[in-house]
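Order of the sequence lines sets the chain letters (A, B, ...), proteins ahead of strands, with each chain counted from 1.
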Protein chains: 2
Amino acid sequence: MSTHAPSSAGTLSYEQAGVNYDLIDPLKISAQRAAAATAGHLAAHGFSEVKASRGESAYVVDVGPFYIASIVECLGSKALVADEMARLTGKSYYDGIAQDTIAMAVNDLITVGATPLVVQAYWAAGGSDWFGDAPRAQALVAGWKKACDTCQVAWGGGETPALAGIVESGRIDLAASCTGLINPKERLSVGDKLAAGDAIVLLASSGIHANGLSLARKLTERLPQGYLTEIAPGLSYGDALLAPTVLYSPVTEALYKAGITPHYCANITGHGWRKLLRHPGRFTYRIHTVPPVTPVLKFIQQHAQQDDREAYSTLNMGAGFAIFVKADEAARVVEVSKSCGIDAWVAGTVEDGEKQLLIEPLSIRFGDDDLQLR
Amino acid sequence: MSTHAPSSAGTLSYEQAGVNYDLIDPLKISAQRAAAATAGHLAAHGFSEVKASRGESAYVVDVGPFYIASIVECLGSKALVADEMARLTGKSYYDGIAQDTIAMAVNDLITVGATPLVVQAYWAAGGSDWFGDAPRAQALVAGWKKACDTCQVAWGGGETPALAGIVESGRIDLAASCTGLINPKERLSVGDKLAAGDAIVLLASSGIHANGLSLARKLTERLPQGYLTEIAPGLSYGDALLAPTVLYSPVTEALYKAGITPHYCANITGHGWRKLLRHPGRFTYRIHTVPPVTPVLKFIQQHAQQDDREAYSTLNMGAGFAIFVKADEAARVVEVSKSCGIDAWVAGTVEDGEKQLLIEPLSIRFGDDDLQLR
C-alpha cells in the first residue's frame with residue numbers, strides 16, 4: 001500500500017487496519033533486486049526471461065515455442081472472516097474461500113496473456129486438527145476442484161502441512177501457485193502493445209474479493225451487530241464479504257477464441273483503482289463510465305467514512321479486472337464477458353499525456369506518485 | 001507419516017512429536033481424487049498430463065515439445081529452530097533457512113527429470129514487523145538468491161504477505177513454488193525406466209535437512225542444555241540441525257551433461273529411507289552399503305532412543321537423495337556427484353521380487369505396507 005493514500009479524521013484507513021507497508025517495502029525492494037539478478041541463469045538452459053514481466057503480476061520466461069508464466073499468490077486474511085462467520089452461523093464458507101485463493105493466482109497470471117494450466121494447492125494449517133473438521137475440509141476440496149473446473153486448469157497437487165507454532169491454532173494459511181503458457185506468443189501482454197486511443201473495459205467484481213479484508217474486519221468493531229449487520233434485506237455483512245472472487249480466466253480465454261488480444265490487463269486487487277496506473281508507460285487513463293458499486297463496498301465506504309478518492313484508492317468499487325484493447329474491439333469485449341456471465345463496461349480511454357487516472361464522473365485524479373509498485 | 005512406524009517404550013516417535021497424520025490423510029485422499037479428476041481440462045488447451053506423475057514428487061504436463069513440471073513445497077517447522085537459536089546466540093540463520101526452503105521444492109522437482117527454471121518465494125509473516133528485523137530479512141534475501149545461483153534458477157518473484165491472526169506473531173511461514181522443463185523429453189523419469197539390475201546411488205545429506213524437525217525440537221526437552229548441547233567439540237545441537245539442506249539439482253544437471261539419464265529418483269525427506277520404496281512397481285531394493293550417519297542424526301537416534309529400524313524409517317541417516325541408474329553408470333554417477341562437491345555411494349541394487357527394501361548391513365527390512373504415500 002502506498003503511503004500516499006489520503007486519510008482524514010474519523011476515516012478508517014488501511015494503515016490503521018494494521019498493515020504497515022513501510023516495514024515490508026525495504027525487504028521487497030532488496031528481494032526484487034536480488035531476484036532480477038538471477039535472470040541470467042536462464043541462459044544456461046538456453047532460455048531467457050521476458051524482462052518486461054518483472055514488476056508485472058506474473059513472471060514470464062521465453063522457452064522458444066512459447067512463453068511460460070508462473071506465480072504464487074496468497075489468499076490473505078479473508079479466511080478469518082470465514083472462520084468468524086462459521087462460528088456465528090454454523091455454515092462452512094471454505095468452498096468460496098478456495099475459489100478466492102485460486103482467483104488470487106489465476107487472475108494475476110492471465111494479465112500477461114497466459115492460459116492457466118496447472119494450479120498447486122498450499123494449505124498450511126495450524127495443526128493436524130484443522131483437517132479433522134471434515135465438512136470444512138471437504139468444502140475446501142470441493143471449492144478448489146470447482147474453481148479448477150471453471151478455469152479449466154489441472155490441479156496438480158500441493159502441500160497440506162500441519163504447522164503448529166507457525167500458523168495459529170485453528171487457522172489455515174492458504175495460497176496457490178499457478179503455471180501457464182502464453183501460446184501463441186502473440187498473446188503476450190506485458191505492456192508494449194498499449195497505445196493512446198485504446199479503450200478501457202472494466203469487468204464486474206462480486207464484492208470485496210480478497211483485498212481490503214483487514215479494513216473490512218476492523219470495521220466490525222464499529223458495527224453493533226458485527227458481521228451479522230444486514231447490509232441489504234436478508235444479506236449480512238459477513239455473507240456479503242464472503243462472496244467468492246470472480247474468476248476472470250474464462251473471459252480471457254473466450255477473448256482469445258474470439259480473436260481479440262488485449263493490449264494490457266490489470267487485476268484490480270490491493271490499491272483499488274490505482275492499479276489502472278500499473279503500466280510503466282506515460283499515459284492518461286480517462287474514465288467516463290463508473291460501474292455500479294457492489295453493496296458491500298458501498299457499505300464499507302460509508303461506515304469507514306471514506307470519501308470516494310480513498311475508497312477508489314483501496315477497494316475495487318465494483319470493477320475487479322481491467323482489459324485494455326483497441327477501441328473498435330471494446331464493445332465485443334463487453335459482449336464476450338457477458339457471455340461468460342460477467343458484467344462489463346466500456347469505461348474509458350487511454351490517451352497520451354501525463355501519467356494519471358481521471359475518474360471523471362467522480363472528479364477523482366490519481367497521479368503517478370499514487371502507485372509505487374515497482 | 002505412515003502409522004506403521006514402529007515405536008517402543010522410552011523412544012520418541014514422530015507421532016509423539018505432535019503430527020497426527022490420521023487427521024490429515026482423509027483430506028489428502030479426497031484432495032488427490034478431486035485433483036486427478038481435473039486432468040481432463042488440459043485437453044481443452046491441446047495438452048495432457050503425464051499420469052504417472054500423479055503420486056510422484058512433482059506434477060508433469062506434456063505440452064508438445066517438452067514436459068512442464070511444477071510444484072509448491074513448504075519448509076515446515078525448521079524456522080522455529082532458527083528462531084530459537086537466534087534468541088540463544090544472536091546470529092541470524094535465515095540464509096540457511098532460505099536454502100532449505102528452495103531445496104524442498106527443487107529437490108522434489110528434479111526427481112521427475114526436470115531442470116528447475118523458475119522459483120517463486122512465499123514468505124508469509126505473522127505481521128509487518130517480521131520484516132522490520134533488517135539483518136534477518138536481508139539474510140533471507142541473500143540466502144534465497146544464493147540458492148537460486150547454485151541451482152541456476154531464475155527467482156521470478158513471490159509474495160510477502162503480513163498475515164497477523166493467521167501466522168503467529170514473530171514467525172514466518174516459508175514455501176517455494178518451482179516450475180521446470182523436462183527437455184529433451186527423454187529425461188522424464190517417472191518410473192517406467194526402472195528395471196531389475198539397476199544400481200542405487202545414494203547422495204550425502206548435510207544433516208537432518210528439513211524433515212524430522214518436530215522430533216528434533218521435541219528432543220530438546222530431554223537435553224539439559226537444549227539446543228546448545230554440544231554434539232561434537234564446538235558444534236551445538238542447534239547449529240548442527242541448521243545445516244542447510246543440500247541442493248541436488250547441480251548433480252542431476254551435471255548427469256545430463258555427462259549423458260546419464262537416471263531411471264528413477266527419490267528425494268529422501270519425510271519417511272526416511274522408506275522413500276526408497278516410492279516407485280509403484282514390484283521390486284526388491286537391496287542395500288549393501290550404508291553411508292556414514294551424519295553426527296546430528298546419530299545424536300538424535302541415540303537421545304530419542306530409536307533403534308536403527310525406526311531411525312531409518314524417519315530420518316535420512318546420511319543419504320538425502322537416491323538415484324537409480326543402469327548398473328554400468330553407477331560409478332560415473334558417484335564421480336559426477338563428487339565433482340559437484342557432494343559425496344555419493346553405489347549403495348545397492350534393484351531386483352525382481354517382493355516389494356521390499358533390505359538394508360543388509362543393518363538387517364532391516366521395510367515392506368510395501370511400510371510406505372503408503374499414494
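- Of the listed residues B/Asp129, B/Ile172, B/Val63, the one with more heavy-atom pairs under 4.5 angstrom with chain A than any other is B/Val63.
- Within 6.0 Å of atom NZ in B/Lys51, 12 or fewer heavy atoms from other residues, nucleotides or ligands are found, so the atom counts as exposed in its surroundings.
- When all heavy atoms of A/Phe131 and B/Leu27 are compared, the closest pair comes out as CD2-CD2, 2.8 Å.
- There is no contact between B/Trp130 and chain A, counting heavy-atom distances below 4.5 Å.
- When each of A/Gly132, A/Ala31, A/Ala37 is scored by its heavy-atom pairs under 4.5 Å with chain B, the top score falls to A/Ala31.
- With respect to chain B, the highest number of heavy-atom pairs below 4.5 Å among A/Leu42, A/Thr115, A/Asp149, A/Val60 belongs to A/Asp149.
- In terms of heavy-atom pairs under 4.5 angstrom with chain A, the leader among B/Gln152, B/Glu253, B/Arg171, B/Glu49 is B/Gln152.
- In this structure, chain A has heavy atoms under 4.5 Å from both the backbone and the side chain of B/Val72.
- Top candidate by heavy-atom pairs under 4.5 Å with chain A, chosen from B/Ala34, B/Gly158, B/Cys151, B/Ser177, is B/Ala34.
- Among B/Ala142, B/Pro65, B/Gly64, the residue making the largest number of heavy-atom pairs under 4.5 Å with chain A is B/Pro65.
- For the options B/Asp173, B/Val141, B/Leu80, B/Asp83, heavy-atom pairs under 4.5 Å to chain A are most numerous at B/Asp173.
- B/Asn183 touches chain A through its side chain: at least one heavy atom from C-beta onward sits under 4.5 Å away, while N, CA, C and O do not.
- Atom NZ of B/Lys146 is surrounded by 12 or fewer heavy atoms from other residues, nucleotides or ligands within 6.0 Å.
- For B/Leu75, no part lies near chain A; criterion is any non-hydrogen pair under 4.5 Å.
- Among the candidates B/Leu117, B/Leu140, B/Val61, the residue making the largest number of heavy-atom pairs closer than 4.5 Å to chain A is B/Leu117.
- Contact count versus chain B (heavy atoms, under 4.5 Å) is highest, among A/Gln120, A/Arg33, A/Lys145, A/Arg217, for A/Gln120.
- When each of A/Ile68, A/Thr179, A/Val119 is paired with B/Ser70, the side-chain contact (heavy atoms from CB on, under 4.5 Å) condition holds for A/Thr179 and for no other.
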